[in-house]
Amino acid sequence: MLNRRSLRIKVMQSLFALQQCKDANYELCFEQINEAFLPDLNSMEAQDKTLLAANKKEASKLFETAFAKGETSVSHENKTIDKVVNQCFKFYIAQSKKDTDFFRKNLVSEVEKIYAHYISVLSIIPAFNHVAASDKKVSHKNFVNNAWIKALSDSPALRKEALKFGKTWEDKNDRIKGWFRDVIRQDNEYLNYLDKKEPSTDDQRKFIGHLFRKVVLGKTIINEYFEEEVLRWAEDKDIVKGLVEKTVKTFDPSEPTPLVLHTLSLNWDDDKDFIERLYDKAADLDPKFKELVASNTRNWEVDRLPLTDRMILEMAIAELLTFPNIPVKVTINEYIELAKNYSTPKSRQFINGILDVIAKELKDSGEIKKSGRGLIDNK
C-alpha cells in the first residue's frame, strides 16, 4: 500500500526529470544563439565573421548573466542581440512550463499505474493455472486445487480489473508457457508441493506466498520481465509486493467470502493532493528559499551540489512550508532517508546538518507555521 515515503520518492523522481529537461532547455538556448550568429550562406552580401563571432559571444554572456540573476528578459543596444536573447528567454519559459505541466500530469498517472501492476502480478497466477490444467503429461493437481490459486482464477473482480487495465496475459500465452516450464516446474518448492498427498491449508498458504515472493517477484526471468516493462519497477515492486501479500493474508478459504482486491491507497484524494502540492511548491520554489540553500551549503556552490541533494533540500523546504500538520522532525527524517537511499554515501549526514539549520531559520522567521497535537504552534 502507498505511504508518504513512496509518494515522496515519486515526486523526487519527477522533479529530477523536470530539472534535467530545464537544463536541456538552457543548453538549447545557447544553440539557438549560436545558430542566430552563423554566417548566412544564402546572402549575396559579404559576411563579417569576426563581428558575428563577437555578437554571439556577447549574446551568450548576456543570456548567461541574466539567467543567473533570475531575470526573464534583457535590453541591449544591439537590436539583433536584444531580439535573439529575448527569444531564448521566451523559448526557455514556454518549454519549461510545458515540461512542468507534463511531469505533474505524469506524476499522478505513474502512481495510479502501480495498481495496474498489482493486478498484473495477481493475474499471472490464473494464467499459470490454465497452463497447469492443460498439461496432459504431468499432474499439477495440488497446484490447480490450491485454494488461493482457485480463488484468484475464479475471481470476477480480478478478471474485471485485468480486462480494464489490459493485464490478462492472454496475449502472452507463449511467454506464460515458457515461464511455467522453465521457472515454476524447475522450482524445488513447487516440486515438493506437488509431492504432498493432501496439502493442508497452511501448506497451500505457504506455497502461494512462496510463488509470489520467490518465483514471480524473486530473482527470476519473470521479475526481469517486469523490470524491463515497468520504468520504476525498482520502487514500485515493494508496493506491489505489499498489496499482494495483503491479498494472500486476508483470504480465508474456510469462509464463503470471496478473495478481496485491495486498494492502492486508503484515501487517494488525500495522497493525490499531497503529491500535487509538494510537486507544485518544489517545482516553483521561491528564489529566496533556494538562496537559503545556497547560504547554508558552506564551501559549496549550489550548482555544484549533486542534483539529487539539491532536489531533496528543495523538496524538504517545500514540505516544511506547505504542510502544517507534518511535524518538522518527521519531514527532516524522511528526507534524510531519501538521501541515504538515492544519493551519495556522504549525503545523509550532509542533508541532516543542512536541514536542521534551515528548519531553525524558517521557524525563527515565522515561515513555518505548525499547529496541532504534538506540533509547535508557531502562529
Side-chain angles (χ1 to χ4, degrees), residues 11-107 279-315 317-318 343-344 354 358:
V11 174
M12 181 183 70
Q13 290 169 339
S14 294
L15 289 170
F16 189 92
L18 173 61
Q19 188 57 52
Q20 288 183 314
C21 286
K22 287 183 174 181
D23 290 345
N25 295 338
Y26 178 74
E27 293 301 325
L28 283 172
C29 288
F30 288 102
E31 289 186 19
Q32 290 182 16
I33 291 171
N34 182 58
E35 290 177 5
F37 293 101
L38 288 174
D40 185 354
L41 300 180
N42 295 319
S43 176
M44 299 299 292
E45 299 179 5
Q47 302 287 296
D48 190 337
K49 294 183 180 180
T50 302
L51 179 60
L52 287 170
N55 285 344
K56 182 186 80 170
K57 184 176 180 180
E58 176 70 17
S60 297
K61 186 65 177 177
L62 180 61
F63 176 76
E64 181 181 16
T65 303
F67 187 93
K69 292 179 180 178
E71 297 172 358
T72 56
S73 64
V74 297
S75 178
H76 196 276
E77 58 186 11
N78 184 310
K79 291 183 179 181
T80 303
I81 292 176
D82 184 277
K83 179 182 178 181
V84 169
V85 174
N86 281 310
Q87 283 178 338
C88 285
F89 273 114
K90 287 180 180 178
F91 163 80
Y92 180 85
I93 293 168
Q95 188 59 44
S96 294
K97 183 183 185 306
K98 183 178 178 181
D99 293 334
T100 302
D101 293 343
F102 169 80
F103 285 112
R104 187 185 196 275
K105 182 179 179 180
N106 194 59
L107 168 63
Y279 174 85
D280 289 343
K281 187 71 173 181
D284 191 31
L285 193 64
D286 192 302
K288 71 178 181 180
F289 298 120
K290 292 187 178 184
E291 180 56 35
L292 194 60
V293 173
S295 63
N296 282 286
T297 47
R298 297 176 298 278
N299 301 321
W300 284 91
E301 294 177 16
V302 175
D303 290 341
R304 289 178 56 216
L305 282 176
L307 179 55
T308 306
D309 285 2
R310 184 148 56 94
M311 292 296 98
I312 289 172
L313 289 170
E314 291 180 3
M315 275 182 67
I317 293 172
S343 196
T344 66
I354 298 301
I358 288 176

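When a residue number appears, it is its place in the shown sequence, counting from 1.
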State, yes or no, whether a side-chain contact exists between [X] and [Y] at a heavy-atom distance under 4.5 Å.
X      : Y      : value
Val11  : Met315 : yes
Asn106 : Ser14  : no
Cys29  : Phe67  : no
Leu38  : Leu52  : no
Asn55  : Thr80  : no
His76  : Val85  : no
Val84  : Gln32  : no

Backbone of Leu292 reached by a side-chain donor or acceptor of Ser295 within 3.5 Å: yes
Backbone N/O of Glu77 and side chain of Asp82: donor-acceptor pair under 3.5 Å: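 Checking the backbone N and O of Glu77 against the side chain of Asp82, no donor-acceptor pair under 3.5 Å is found.
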Aromatic centroids of Tyr26 and Phe63 separated by under 6.0 Å: yes
Could you tell me the separation between the [atom1] atom of [X] and the [atom2] atom of [Y], rounded to the nearest 0.5 Å?
X      : Y      : atom1 : atom2 : value
Tyr279 : Asp284 : OH    : CG    : 10.0 Å
Lys49  : Leu51  : NZ    : CG    : 13.5 Å
Ile81  : Phe37  : CD1   : CZ    : 5.0 Å
Ile312 : Leu307 : CD1   : CG    : 10.0 Å
Phe103 : Gln13  : CZ    : CD    : 11.5 Å
Leu62  : Lys57  : CG    : NZ    : 14.0 Å

Between [X] and [Y], what is the shortest heavy-atom contact and its length?
X      : Y      : result
Ala282 : Ala318 : N-CB, 3.8 Å
Ser96  : Asn25  : OG-ND2, 3.3 Å
Ala66  : Val74  : CB-CG1, 3.6 Å
Ile354 : Asn296 : CD1-O, 2.9 Å

From CA spacing to verdict: side chain to side chain contact (heavy atoms under 4.5 Å, CB included), Thr100, Leu18: CA-CA 6 Å; Thr100 302; Leu18 173 61; 3.6 Å; yes
Result of checking Arg310, Gln20, Met311 against Leu15 for side chain to side chain contact (heavy atoms under 4.5 Å, CB included):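 Per the side chain to side chain contact (heavy atoms under 4.5 Å, CB included) rule, the option paired with Leu15 is Met311, out of Arg310, Gln20, Met311.
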Electrostatic pair Asp99:Lys22 at N-O distance under 4.0 angstrom: no
Residues Asp101, Lys97: salt bridge by 4.0 Å N-O rule: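 Salt bridge flag = yes for Lys97 with Asp101.
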